[in-house]
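Structure first, then comments.
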Amino acid sequence: MAAIYDYGPYGVELANNIKQLWWKDLVYQYDNIVGLDSAIFMHPKVWQASGHIANFSDPLVECRHCHSRLRADELLAQIGVEADETMPEDTINKIFDDYRHLIFCPDCGQQDFTAVRRFNLLIQSNLGDFIGSRSEPVYLRGETCQGIYVNYKNIMDSTRLQLPFGIAQIGKAFRNEITARQFIFRTREFEQMELQYFIRPTEDFEEFNKWKERRWNYYIHNLGINPDNLRWHEHEKLAFYAKAAFDIEYKFPFGFQEIEGIHARGDYDLKQHQKFSDVKLDYYDPVADETFIPHIVEASSGVGRVFLMLLAEAYYEENLPDGSKRIVLRLKPAVAPIKIAVFPLLRNRPELVVKAKTIFDQLKLQWRCEFDDNGNIGKRYRRQDEIGTPYSITVDFDTLDKNLVTVRDRDSMKQESINVDELIAYLSSKLN
Ligand code: GAP
């Protein structure tokens with residue numbers, strides 16, 4: 001059960017914000033991008049067409065001593081030997097045998113490994129198998145984009161979209177990942193955010209470069225990532241059908257690792273689905289008076305990886321002038337789980353509590369807010385700093401006398417007196 005995680009009350013808010021921002025940036029901003037929510041279960045033939053049944057595997061070795069299951073390419077990489085996870089079994093076995101004497105099990109320290117074998121990552125279900133005899137299992141989807149390919153024709157026919165157009169989907173994917181390390185970076189159940197952009201065959205490089213630039217800028221401008229912590233990784237060994245493949249990598253505490261892949265996939269996916277479904281998936285282009293199978297540019301990222309990146313990017317431990325320390329998550333307001341916290345100065349003064357509740361009830365209509373009357377004000381500020389709440393509002397005796405609240409900024413810790421009547425306008429200018 002390793003590599004399966006639950007997101008708690010703040011985690012689910014942050015994850016929802018990540019998904020909403022992605023969706024708005026694509027589906028709301030581009031008139032030619034539409035959304036989709038396809039089912040997790042798909043016909044087994046989909047996974048034959050996609051190549052997952054034959055090829056979606058990683059090289060597995062087992063430690064005979066402690067029975068840990070490990071990825072051979074990762075063990076080799078740790079001793080500086082390059083091996084590609086897509087290598088055929090023979091090739092990677094040969095490399096592994098050459099270096100076996102240098103490889104130790106990370107769990108028990110022994111050097112007794114089995115041969116390497118290719119291990120398919122698709123997770124099977126018993127859907128519809130009421131007597132336990134199905135020879136062709138139904139899988140949990142290994143990536144969300146296959147749902148887009150099999151809906152491409154329905155969407156084109158029902159929306160009258162013309163090339164170029166995109167279909168965006170956010171949803172769960174499942175993989176029997178061999179190694180479960182690095183927290184939520186690599187999990188067996190995870191969420192993907194995938195855009196498939198359908199284009200004319202002549203537009204491959206132009207559209208690929210456009211999407212590369214858009215996605216790079218998204219991380220910097222929309223999510224607030226420092227560009228020094230991002231880099232491109234170009235795939236040297238392309239799949240035979242691919243025209244180009246680049247990953248955006250983030251500098252995690254454990255090194256630069258992929259958060260998003262941007263791939264020019266040519267017409268491979270639609271051709272495969274046309275072949276396996278016997279349904280024509282070509283497109284008549286009225287501009288060129290031609291019929292062809294569209295090419296695809298894909299931008300695919302994971303909610304969990306973006307989540308982990310945001311935590312790594314925003315986490316600061318600060319020494320304050322009074323000698324104390326604080327932990328603060330400097331999240332952009334758009335992703336912060338809680339936007340505003342509201343505190344009555346004293347919980348045993350009903351007039352303060354009632355006023356604070358009234359303000360809280362107004363603000364919560366627009367933003368995710370939290371009411372807190374527990375502990376002293378300093379402690380309440382620290383709690384909100386740790387979860388990245390951009391603004392905290394204190395209701396005190398000035399609120400009752402002069403209609404003023406204190407608004408405290410998370411990053412500068414500066415406090416301002418704001419008239420309650422102007423509070424929504426003030427917060428809108430800061431948060432929206
Ligand atoms: N449709 C293309 C595709 O699925 P991928 O590189 O396997 O390509 C795309 O996955 C993205 O999905 C990755 O960049 C990563 O953000 C996320 N992802 C993939 N496997 C993951 C896993 N086991 N755990 C968490 N996120 C994962």
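All values below come from the heavy atoms of this structure, side chains included, with hydrogens, waters and symmetry mates left out. Since the model is a prediction, treat every value here as computed from it, not as a measurement. In this chain, residues are counted from 1 in sequence order. Each ligand, and each atom within it, is numbered from 1 in the order the structure gives.
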*Face-on cation placement of Arg305 at Phe307 ring, 6.0 Å and 45° thresholds*: no

*Cation over ring, Lys212 on Phe246, under 6.0 Å and within 45°?*
yes

Within ligand 1, which atoms have a heavy atom of [X] less than 4.0 Å away?
X	answer
Thr187	22 (C), 23 (N), 24 (N), 25 (C)
Glu143	1 (N), 2 (C), 3 (C), 4 (O)
Gly302	15 (C), 16 (O), 17 (C)
Cys145	1 (N)
Glu298	1 (N), 2 (C)
Phe185	24 (N), 25 (C), 26 (N)
Glu194	1 (N), 2 (C), 3 (C), 4 (O)
Glu177	22 (C), 23 (N)

Mind checking whether [X] and [Y] have ring centres under 6.0 Å apart?
X	Y	value
Phe183	Tyr5	yes
Phe185	Phe252	yes
Trp22	Tyr28	no

Among protein heavy atoms, which lies nearest [atom], and at what distance?
atom	result
atom 9 (C) of ligand 1	Ser300 OG, 3.0 Å
atom 10 (O) of ligand 1	Gln192 NE2, 3.3 Å
atom 15 (C) of ligand 1	Arg305 NH1, 3.5 Å
atom 18 (N) of ligand 1	Phe190 CE1, 3.5 Å

*asked:* For Lys414, is there an ion pair with Asp409 - N to carboxylate O distance below 4.0 angstrom?
replied: no

*Under 3.5 Å: N/O of Arg175 near N/O of ligand 1*: yes

*Under 3.5 Å, is there a donor-acceptor pair linking the side chains of Tyr250 and Gln257?*
no

_Please give me the minimum heavy-atom distance between Asn151 and Ser38, naming the atom from each residue._
ND2-CB, 3.8 Å

*Any idea which of His263, Glu258, Glu191 brings a heavy atom closest to atom 14 (O) of ligand 1?*
Glu258

*Tell me, please, which residues at least two apart from Ala239 pass side-chain contact (heavy atoms from CB on, under 4.5 Å).*
Tyr241, Ala242

*Answer with yes or no whether Ser301 contacts ligand 1, where contact means a heavy atom under 4.0 Å from a ligand atom.*
yes

At under 4.0 Å between heavy atoms, is it the side chain or the backbone of [X] that contacts ligand 1, or both, or neither?
X	result
Glu260	backbone
Ile259	backbone
Arg186	both

*asked:* If I take atom CD from residue Glu189 and atom CZ from residue Phe174, how far apart are they, to the nearest 0.5 angstrom?
replied: 4.5 Å

*For residues 246-255, which residue pairs qualify under salt bridge (charged side-chain N to carboxylate O under 4.0 Å, His left out), counting only residues two or more places apart or in two chains?*
Arg231-Glu249

